[in-house]
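Numbered from 1 within each chain, the chains take letters A, B, ... in sequence-line order.
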Amino acid sequence: MKKILNNKNTRTNLITYLVVIVAFVIMQTLYSLDMLSNSMKGYLVPICAYVSLAVSLNLLVGVCGELSLGHAGFMGIGAFSGVVIAALLKDVIASDVLRLLCAMVFGGLLAGALGFLIGIPVLRLRGDYLAIVTLAFGEIVKNLVGNLYVGIDSDGFHMAISTSRMELLEGGTYLIAGPKGATGVEKLASFPMGFVLVLLTLFVVLNLINSKEGRAIKAVRDNRIAAESVGINVTAFRMKAFVVSAFLAGMAGALFGMNYSSFTASKFNFNTSINILVFVVLGGMGNILGSVISATALYVLPEAMRGLEDFRMLLYAVVLILVMLFTWSPKVKEKTEVVSEWVKGLFYKLTGKKEVGVNE
Amino acid sequence: MKKLIAMCLALVMALSLLAGCSSHSGSDSDALKIGMTGPLTGGNAVYGTAVQAGIEIAVEEINADPNNTLKLEFQPQDDEADGEKAVSGYNVLKDWGMQVFIGTVTSSACNAVAPLTVEDEIFLLTPSATAAEVATAGSSTFQMCFTDPNQGASAAEVIANNWPEAAIGIVYDASDDYSSGLYDGFKNKAAELSLNVVCETSFTGDTKSDLSTQVTMCKDAGADLMFLPIYYTEASYILNYASRIDYAPQYVGCDGMDGILNVEGFDTSLAEGMALLTPFDANATDEATQSFVAKYTEKTGEVPTQFAADAYDCVYAVYQAAVAAGVKASDEPADICAALIEQFTSMTFDGLTGKGMTWDSEGMISKAPAVVVIDGGIYVPMD
């Protein structure tokens with residue numbers, strides 16, 4: 001036990017889990033006591049989705065050192081395929097939770113598979129090509145789904161790129177209707193499921209980071225040539241990080257989609273990708289707990305500032321700049337270190353243990 | 001430097017505190033609370049702010065009426081024409097205690113919110129979300145505007161009656177559900193009426209600032225009539241480019257075209273002769289329209305479009321129904337909803353955008369589609 005707690009990585013990981021679990025317990029208790037406002041209730045599931053997105057992107061941007069500008073594309077893939085799967089399984093699986101789970105897993109797998117396909121050529125290259133290709137990927141997904149019609153009727157499943165090629169029989173419904181996007185979506189997402197997704201994301205990402213693979217991925221980020229010289233297969237490890245990140249984004253997308261009765265392909269545009277990237281950058285590259293906190297705070301912030309009306313987007317930008325200046329200022333860093341030392345001291349006082357040298 | 005940052009942060013916090021107060025302190029418990037969400041910022045803000053101003057004028061008028069027994073209170077929320085933000089905005093309005101929802105402005109956002117209002121039993125009347133799905137979401141969702149497929153079909157009939165021989169070119173926005181809904185409705189009806197469509201071309205929201213290819217395609221296909229089921233901003237680019245390449249077809253537009261005469265920096269003479277289906281004419285001589293236009297122009301400095309007029313009518317329709325049903329401001333939203341549904345499916349309403357409007361049990365409106373032609377910079381009813 002002592003050894004585990006003295007390991008700095010394990011300690012930070014435990015704190016991350018603890019923060020998430022405590023936050024969930026508090027919110028869920030307030031929820032069941034009906035003490036949350038309607039708007040607060042509405043934020044819960046999207047926050048879970050955005051936290052998972054930010055953490056999964058952090059794996060790619062912070063840990064692997066690759067820039068992705070198309071995370072919303074993977075999210076969109078997950079959302080739309082998840083909705084289709086959930087509708088198809090409606091008569092097969094009665095349980096909503098199980099159906100949502102199937103949808104999320106399928107959405108994740110599809111996003112992961114597409115990530116793998118993109119990765120094959122791109123991850124072999126040096127330089128910023130991944131950023132360019134993922135940017136294009138996001139736009140392709142948006143435009144493709146924006147013209148895609150998927151319907152279901154007594155004859156079965158139909159898919160086409162224009163309405164004229166698709167005639168649904170009486171009683172058939174469109175699951176995805178081109179520019180209208182997915183309509184009539186069943187709201188399967190719930191806060192506990194969102195929490196499970198966040199935990200899963202944290203579990204996967206944190207374990208990956210602290211594993212042999214994770215060390216290899218970090219080695220590739222820090223010095224590609226040195227990593228290659230010790231026999232690390234650079235492409236394979238970058239691919240691992242990229243596919244895991246895409247998979248988790250697809251799952252989060254499915255959860256996000258299932259929280260709204262209707263959403264369009266244009267939701268998953270460049271702006272959303274950048275938004276997720278902002279969560280990651282502001283939370284700190286490679287800092288998983290930072291991503292969790294910044295995704296939550298930055299999602300709620302513009303909503304909480306609704307009262308400011310037209311000024312709220314302006315102030316949102318001001319807050320972003322201030323947080324950036326604030327967290328990077330050396331003086332503030334000094335102060336936070338003092339606080340964290342104090343907390344650490346308190347922790348050891350309480351557990352009655354002396355601090356042992358931090359071992360990696 | 002540190003002091004400056006600290007002061008800035010303090011200022012931001014103080015501001016947000018103030019904001020938190022202002023949104024609650026103004027509430028008046030003996031007024032019927034009307035909420036609205038729409039794009040008040042971002043690329044679609046013209047439509048959202050028009051609706052907001054239209055509602056505000058109607059609410060001010062009703063509250064100023066000394067004989068009125070039912071006061072109204074109004075709160076708008078921004079949704080950036082996005083479903084996710086619209087749901088957040090709707091939840092904020094619910095916390096405020098909204099009893100009737102007039103929104104949302106755009107169709108895709110409304111598709112996300114409409115099922116929630118049905119679940120919460122809050123009456124929904126949208127001024128401008130034209131997707132058929134909005135009305136069919138439940139028995140408590142109503143529209144003040146035509147649905148897209150119906151309006152597209154009406155446009156095809158207008159063309160068949162007036163220009164039966166025309167070679168038709170169509171340019172629509174494939175990424176926009178309003179535009180592609182109109183296009184689908186038009187195409188089905190055009191096939192039925194055997195109109196001669198020579199060119200169908202589309203653009204998306206990302207490529208709408210340059211539509212030269214689409215215009216050239218229509219010109220090369222020999223189209224002498226262009227059907228433009230799009231919003232006026234994009235239409236102004238098309239008209240501009242067409243005049244530059246000496247291409248002057250007959251233009252036909254739908255209600256989204258209303259506003260083309262007010263586009264900044266646009267030579268309105270290019271729009272001469274254009275026919276459009278619009279329920280509202282700002283130059284109409286009747287007293288109600290004149291007074292609305294005067295108030296709107298005073299408030300915003302612009303001439304109102306059908307978005308504003310539809311929003312204005314929404315408030316009056318809700319007011320008329322609420323008074324007829326004896327709704328009190330202290331009633332629960334669900335009771336108000338049931339009372340309004342009963343009124344709306346049985347009443348007849350006269351407003352700026354039509355006389356003798358009625359609603360069917362789905363919530364779709366029936367009013368006469370008016371066709372106007374732009375002549376001398378104003379709308380003239382088409383014979």
K.L.:
Give, as side chain, backbone, both or neither, the part of B/D78 having an atom under 4.5 angstrom from any heavy atom of chain A.
P.N.:
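Both backbone and side chain of B/D78 come within 4.5 Å of chain A.
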
K.L.:
Test: salt bridge (Lys or Arg N to Asp or Glu O under 4.0 Å). Region: residues 35-53 of chain A. Which pairs qualify, not counting sequence neighbours?
P.N.:
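Listed once each, the pairs are A/D34-A/K41.
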
K.L.:
Which members of residues 201-210 of chain B, sorted by number, sit under 4.5 angstrom from chain A on a heavy-atom basis?
P.N.:
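At a heavy-atom separation under 4.5 Å, chain A is reached by B/T204, B/D206.
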
K.L.:
Just give me the residue among A/F263, A/F311, A/F256 that pairs up with chain B most often, heavy atom to heavy atom, under 4.5 Å.
P.N.:
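Greatest number of close heavy-atom pairs with chain B: A/F256.
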
K.L.:
Determine the option with the most heavy-atom pairs under 4.5 angstrom with chain A, choosing from B/A137, B/C110, B/A174.
P.N.:
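Looking at each of B/A137, B/C110, B/A174 in turn, B/A174 comes out on top.
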
K.L.:
Considering residues at least two apart in sequence or located in another chain, which fulfil the ring-ring contact (aromatic ring centres under 6.0 Å, His included) criterion with B/F227?
P.N.:
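Partners of B/F227 under the ring-ring contact (aromatic ring centres under 6.0 Å, His included) test: B/F186.
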
K.L.:
Less than 4.5 Å apart, any side-chain heavy atom of A/Y149 and any of A/I176?
P.N.:
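Not in contact.
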
K.L.:
Against chain B, label A/N143 side chain, backbone, both or neither, depending on which of its atoms sit under 4.5 Å from a heavy atom there.
P.N.:
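It is the side chain, since no backbone atom gets that close.
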
K.L.:
For the residue pair A/S39 / B/N91, report whether a side-chain donor-acceptor contact shorter than 3.5 Å exists.
P.N.:
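Looking only at side-chain atoms, A/S39 and B/N91 do not form any donor-acceptor pair under 3.5 Å.
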
K.L.:
Could you list the residues that satisfy salt bridge (charged side-chain N to carboxylate O under 4.0 Å, His left out) with A/K187, not counting sequence neighbours?
P.N.:
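Here no residue qualifies.
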
K.L.:
Do B/T106 and B/S108 have a side chain donor and acceptor closer than 3.5 Å?
P.N.:
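The criterion, which ignores hydrogens and geometry beyond distance, is not satisfied for B/S108 and B/T106.
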
K.L.:
May I have the step-by-step check of side chain to side chain donor-acceptor pair (under 3.5 Å) for B/T117 and B/D120, ending in yes or no?
P.N.:
CA-CA 5 Å; B/T117 65; B/D120 298 330; over 6 Å; no

K.L.:
Is A/Y299 close to chain B through its backbone or its side chain, or both, or neither, when contacts mean heavy atoms under 4.5 Å?
P.N.:
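A/Y299 touches chain B through side-chain heavy atoms alone.
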
K.L.:
So which part of A/S37 gets closer than 4.5 Å to some heavy atom of chain B, the side chain, the backbone, both or neither?
P.N.:
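For A/S37, backbone and side chain are both near chain B.
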
